**Q** 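My structure is below; once you've seen it, I'll send some questions.
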2 protein chains.
Amino acid sequence: MDIPEANGQAAGVVAQDAGLSAHEALAVVLQIRRGELCVLLWRRALPPCEGEWALPGGRLRPEESLGASIRRQLAQKVDVRDLSHLEQLETRSDPDRNPQRRTLATAYLGLVPADIDPVVPDDTRWHPAADLPPMAFDHASIVRAGRRRLRAKLSYTNVGFALAPPEFTMSELSGYYRAALGHDVAATNLRRVLLRRGQIEETGRSVPSGRSGGRPAALFRFRSLSLQITDAFAVLRPPGPGSGGL
Amino acid sequence: MDIPEANGQAAGVVAQDAGLSAHEALAVVLQIRRGELCVLLWRRALPPCEGEWALPGGRLRPEESLGASIRRQLAQKVDVRDLSHLEQLETRSDPDRNPQRRTLATAYLGLVPADIDPVVPDDTRWHPAADLPPMAFDHASIVRAGRRRLRAKLSYTNVGFALAPPEFTMSELSGYYRAALGHDVAATNLRRVLLRRGQIEETGRSVPSGRSGGRPAALFRFRSLSLQITDAFAVLRPPGPGSGGL
DNA sequence: GCAAAAGTGTTCGGGATACACCCATGC
DNA sequence: GCATGGGTGTATCCCGAACACTTTTGC
């Protein structure tokens, strides 16, 4: 997949004079697995950073956008249809981030719902996002940026739809929130918050209680499966009645 | 400044096969001028988009980061020391965003305090951000993205420090907030909010009242001149006393 | 004294957490 | 009936907006 070194270097020297540079798309793909926030990484078999873990992604092709590029490249790691959300994070451009050759990288945040278990290649594995293995280049800090972004957006958007399966009980959902946020989230209040904001709704069906009894849990679903800002302007909101003021 | 077309095209064809692409840094430079949020634009004298207005910026050089690049290029438009804040916005990669040649652009948001009036070149002018002239490429939508970012960050960070002069009265500050947010902000409440959050402090000095009388206004300053998140986790905050909960 | 602008005190309401209590089910 | 887990009601607190009132100045 990589261009041979000699070729890459030669083209680089010529092209950089013309304002060109190598560019790759990377993705922080997150999923809640067994109650833990995990990130999809692959293990580099070749130098540089041999043996270290890296984010999926790779070179941008001439006629594709960055979004299309990361979708194409993720298809080699997971079924792209498994991705419930994808958004751009940031572009890293430190000239030394790749010691071999100057490479810009645009990072994306991808989310996979908790109910599916994509088949991944042999070199690829899910790692707890809170306990990363030795990682190549600046990829560890990119993972942390993705985690921060997810945590922030859980507070003011409906991005939970991308972590949860199509239907879920409130205790399941609070488990996803706990894993992503890193702290307890009371199911009873989460329910009210998300209902008031119009993020979720009851399906009308429920799940039979387990062997130890207990009231059957109602099934909910997210009302929208695309990103919506549900709590904009926490402060400094526009004045006047009807705008959220007094 | 631009590389001649023939040269650029030829290098592009060769280089794109090697995974290289043209990359530029752009900046949405915003300043409050006469009570209005304005953006710094320059008028293109040559095709493509001749006569339309464009964001300052240009090609990334081989050994500079994007941040360094946009700072260098802004130096041709405004004194870089005038910039009170600079942060990355997003990277645009639509293959057709520049019809002449495939170009990636990483946009930055730059802020200039309200008290200075940088000297700008002849082709460059401040335009109201709410009423943009005909703009080149996708630059109009980038300006809107920068405006959205600023508005959001005024609510949960201390980014106001980058809009205001070193010292200011509360009515001046509420004017900056009004211009940036697009709605009225009561100075009396703004004072309390920013004081409680520890964003601003009194200098101890005050401004003599004007010809028409009135109590002299106290002078304030921001306590930090670098970006701080002062109101994280508006909702779904960690449980337990001492963490912001009950 | 009066107008004008700044600053303070107070009320109000929304929204989020915490917690007690009620409901439905399995055994 | 009782344990178990889900759901509802309610108290409390924080915080921002609104607004009346006080303070300090110029004329």
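Computed from heavy atoms alone, side chains included, the values below leave out hydrogens, waters and symmetry copies. Naming: A, B, ... by sequence-line order, numbering from 1 per chain. Small disclaimer: the values here were computed from a predicted structure and weren't measured.
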**Q** Round to the nearest Å and state the distance from B:Arg196 atom CZ to D:dC15 atom C1'.
**A**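 Result: 5 Å.
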
**Q** Using only side-chain N and O atoms of B:Arg237, determine if any of them is under 4.0 Å from OP1 or OP2 of D:dC14.
**A**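 For B:Arg237, the contact criterion (side-chain N or O under 4.0 Å from OP1 or OP2 of D:dC14) is not met.
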
**Q** How about B:Arg33: does its CZ atom have over 12 heavy atoms from other parts shown lying under 6.0 Å from it?
**A**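 Check passes, neighbour count above 12.
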
**Q** With under 30° as parallel and over 60° as perpendicular, where do the rings of A:Phe168 and A:Phe222 fit, or are they tilted in between?
**A**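 It falls in the tilted class, 30° to 60°.
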
**Q** Between B:Thr230 and B:Gln199, does any side-chain donor sit less than 3.5 Å from a side-chain acceptor?
**A**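 Result is yes, a qualifying pair exists.
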
**Q** Could you check how far CZ of A:Arg197 sits from P of C:dG15, rounded to whole Å?
**A**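 The distance from CZ of A:Arg197 to P of C:dG15 comes to 9 Å, rounded to the nearest Å.
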
**Q** Could you tell me how far apart B:Asp231 (CG) and C:dG15 (C1') are, to the nearest whole angstrom?
**A**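 Answer to the nearest Å: 13 Å.
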
**Q** To the nearest Å, give me how far apart CG (B:Leu190) and P (D:dG16) are.
**A**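 It is 11 Å, rounded to the nearest whole Å.
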
**Q** For B:Leu195 and D:dG16, give me the distance from atom CG to atom C1', rounded to whole Å.
**A**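 Going from B:Leu195 (CG) to D:dG16 (C1'), I get 14 Å.
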
**Q** Dump every N/O contact between nucleotides 4-8 of chain D and the protein below 3.5 Å, one line per pair.
**A**
residue : atom : partner  : partner atom : Å
D:dT4   : O4'  : A:Ser212 : O            : 3.4
D:dT4   : O2   : A:Gly214 : N            : 2.8
D:dG5   : N2   : A:Arg215 : N            : 3.3
D:dG5   : N3   : A:Arg215 : N            : 3.3
D:dG6   : OP1  : A:Ser171 : OG           : 2.6
D:dG6   : O4'  : A:Arg215 : O            : 3.4
D:dG6   : N2   : A:Arg215 : NH1          : 3.2
D:dG7   : OP1  : A:Ala218 : N            : 2.8
D:dT8   : OP2  : A:Arg191 : NE           : 2.9
D:dT8   : OP2  : A:Arg191 : NH2          : 2.6
D:dT8   : O4   : A:Thr188 : OG1          : 3.1

**Q** We want to know whether B:Thr91 and B:Thr106 form a side-chain donor-acceptor pair, criterion being a heavy-atom distance below 3.5 angstrom.
**A**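 Distance-only check passes for B:Thr91 and B:Thr106.
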
**Q** Between A:Ala186 and A:Pro208, which has a closest nucleotide on DNA chain C that is more 5'?
**A**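 Its nearest nucleotide lies further toward 5', so the answer is A:Ala186.
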
**Q** If you check every side-chain atom of A:Arg211, which of D:dA17, D:dG26, C:dC27 has the closest atom?
**A**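 Minimum distance to the A:Arg211 side chain belongs to C:dC27.
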
**Q** Other residues, nucleotides and ligands only: do more than 12 of their heavy atoms fall within 6.0 Å of CZ on A:Arg125?
**A**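 Open: at most 12 neighbouring heavy atoms sit under 6.0 Å from CZ of A:Arg125.
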
**Q** If I take atom CG in residue B:Asn189 and atom C1' in nucleotide D:dC15, what distance separates them, rounded to the nearest angstrom?
**A**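 From B:Asn189 CG to D:dC15 C1': 11 Å.
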
**Q** Rounding to an integer number of Å, can you tell me how far B:Ile200 CD1 sits from C:dG7 P?
**A**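 Taking atom P of C:dG7 as the reference, CD1 of B:Ile200 is at 10 Å.
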
**Q** Could you check how far CZ of B:Phe168 sits from P of C:dA6, rounded to whole Å?
**A**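 From B:Phe168 CZ to C:dA6 P: 14 Å.
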
**Q** Between the side chains of A:Ser65 and B:Arg92, is a donor N or O closer than 3.5 angstrom to an acceptor N or O?
**A**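 Checked: A:Ser65/B:Arg92 side chains show no N/O donor-acceptor pair below 3.5 Å.
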
**Q** Distance-only, no hydrogens or angles: does the A:Asn158 side chain make a donor-acceptor pair with backbone N or O of A:Ser226 under 3.5 Å?
**A**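 Answer holds: yes.
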
